[in-house]
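Inspection log for the structure reproduced underneath, given as structure tokens.
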Amino acid sequence: MSGRPTATGGWHSRLYTVFVALAFVALPASAQAHMTAPGMNQFTSGLLHPWMTPTHLIILLALGLWLGQNVPLRLGLPFKVFAPLSAAALAFTTTGWIPGVPQPILVAVALAAGAVVALELRLPPAAGAALLAAAAVAIGLDSGAESGTPWAIASTLLGTWVSLGLGLVNIAYYVSLAAERKKKWISIGLRIAGSWIFAISLLMLAFAMRRGNGEGGFQRQNIQHPTSNIQ
Amino acid sequence: MLPTPQTIRRLAVLSLLLLLPATVHAHSETGTIGGFESGFLHPLTGLDHIAAMVAVGIWGAYLRAPAMWLLPVIFPVVMAFGGALGVLGVTMPGVEMCIALSAVALGLMVALAARPPLWVAAVLVGFFAIFHGHAHGTELPQSANAMTYAVGFVVATGLLHLSGIALGLLVHWPWGRILVLASGGAIAMLGFGFLFGFIRA
């Protein structure tokens with residue numbers, strides 16, 4: 001008996017092939033349960049950092065939702081406030097004076113941004129700038145590269161900065177595309193997303209406070225820049 | 001008799017599929033994914049929670065806009081407040097009883113087609129949300145990643161609301177209205193079962 005697909009059994013054979021391929025796709029996940037970055041260059045590592053750090057990601061998401069929610073999209077504040085302050089904060093981490101940002105501060109920023117989205121607030125420029133500034137400084141100071149050569153650290157921080165800026169602008173842009181349609185359900189959907197961010201942040205704050213009381217239950221969220229693994 | 005190539009292929013596929021559960025459960029309740037998994041499954045593994053969350057969605061849809069959207073915004077926020085109290089170890093009396101009562105009350109609201117003012121609905125839903133959140137907060141596994149646990153638990157709760165809203169929107173059809181009211185009655189009956197210990201959540 002031949003294993004070749006027959007005219008009638010051809011689709012069965014293709015189905016098996018797809019099935020086996022899908023099953024194989026699942027296999028590497030076991031090996032990658034603990035992320036390492038062998039061979040990943042420093043810039044890429046920096047690019048991924050905000051997306052692999054849940055508190056940073058949630059802040060970016062909330063800020064992007066807020067910026068995109070208020071149509072027409074205005075990117076003046078992100079360019080004038082977020083980009084330079086995040087660059088400054090990232091650069092400041094190289095001094096080693098600040099080892100990181102306490103989680104409650106990061107979570108408080110996410111909480112504020114989530115509340116603004118949930119309430120669909122149009123903040124005055126000064127308040128909006130303050131929110132963006134707090135986010136930029138908090139994320140920037142919390143994204144320091146652990147160790148490595150000066151070039152490796154610089155590449156990593158540059159990657160993080162590019163990722164933060166592009167990430168924020170992208171989220172805001174795509175949210176604004178939806179918000180510009182002026183559909184009630186889109187507006188409400190964004191507010192629900194804001195309320196979820198607020199709820200998650202509130203719980204995070206409680207977890208952080210419990211950790212502050214020495215009861216544990218809160219693990220460090222940051223995926224450290226693996227510059228030290230890169231030779 | 002030798003196995004045919006087709007049989008060998010089938011056995012190969014089956015044996016590969018056996019590896020999948022090992023991938024999913026390799027790190028139960030630990031790490032980023034484990035925390036999310038644990039948080040996401042938490043509201044889904046308690047029938048009392050499911051009943052109440054779905055009832056919130058059904059009732060919101062029955063009350064129509066803006067209640068349909070306002071209740072799912074209010075619930076997670078207030079629930080997170082209750083969750084924070086639970087995480088911080090603040091004790092609250094009668095949590096399990098109030099969770100069972102929430103299924104009774106919200107189920108009855110649906111079954112009786114109650115249309116109270118919006119603020120009454122919001123206060124009622126918010127009141128019960130505190131107890132649901134408190135239960136989730138106190139039952140947080142110590143080993144779970146807190147951040148992703150919170151994300152999973154809020155997302156799962158939101159999805160339960162959305163499934164309730166989807167069910168509630170059937171009210172636009174005559175047969176759907178019967179189904180929605182009957183669902184409310186079933187949820188209330190479940191609530192009574194939890195309350196009097198006939199059913200274990």
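None of the values given here were measured: they were computed from a predicted structure. Here is the naming used below: chain letters follow the sequence lines, and residue numbers restart at 1 for every chain.
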Can you measure from [atom1] ([X]) to [atom2] ([Y]) and round to the nearest 0.5 angstrom?
X: B/Phe153; Y: A/Leu203; atom1: CZ; atom2: CG; value: 5.0 Å
X: A/Ile192; Y: B/Leu70; atom1: CD1; atom2: CG; value: 9.5 Å
X: A/Leu202; Y: B/Met79; atom1: CG; atom2: CE; value: 10.5 Å

Structural part of A/Leu205 lying under 4.5 Å from a heavy atom of chain B:
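Contact with chain B involves no heavy atom of A/Leu205 at all.
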Set of side chain to side chain contact (heavy atoms under 4.5 Å, CB included) partners for [X], sequence neighbours left out:
X: A/Ala108; answer: none
X: A/Leu57; answer: A/Trp51
X: B/Val104; answer: B/Leu108, B/Phe192

Which residues in residues 169-191 of chain B have any heavy atom closer than 4.5 Å to a heavy atom of chain A?
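Residues of residues 169-191 of chain B touching chain A at under 4.5 Å: none.
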Would you say B/Val151 and A/Trp196 make side-chain contact, with heavy atoms under 4.5 Å?
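Counting from C-beta outward, B/Val151 and A/Trp196 never come under 4.5 Å.
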Could you pull out the closest heavy-atom pair between B/Leu88 and A/Met209, with the gap in Å?
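Scanning both residues completely, I find the closest heavy atoms to be CD2-CB, 3.8 Å.
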So which heavy atom on A/Ala199 is nearest to which on B/Pro76, and how close?
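Looking at all heavy atoms of both residues, the closest pair is CB-O, 3.3 Å.
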Quick one: what part of B/Phe75 sits under 4.5 Å from any heavy atom of chain A, side chain, backbone, both or neither?
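Neither part, no heavy atoms under 4.5 Å.
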Given that the side chain runs from C-beta out, which part of B/Val78 has a heavy atom under 4.5 Å from chain A: side chain, backbone, both or neither?
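When you check distances to chain A, no heavy atom of B/Val78 falls under 4.5 Å.
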Look at atom CZ of B/Phe40 and say whether more than 12 heavy atoms of other residues, nucleotides or ligands are closer to it than 6.0 Å.
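Result for CZ/B/Phe40: enclosed.
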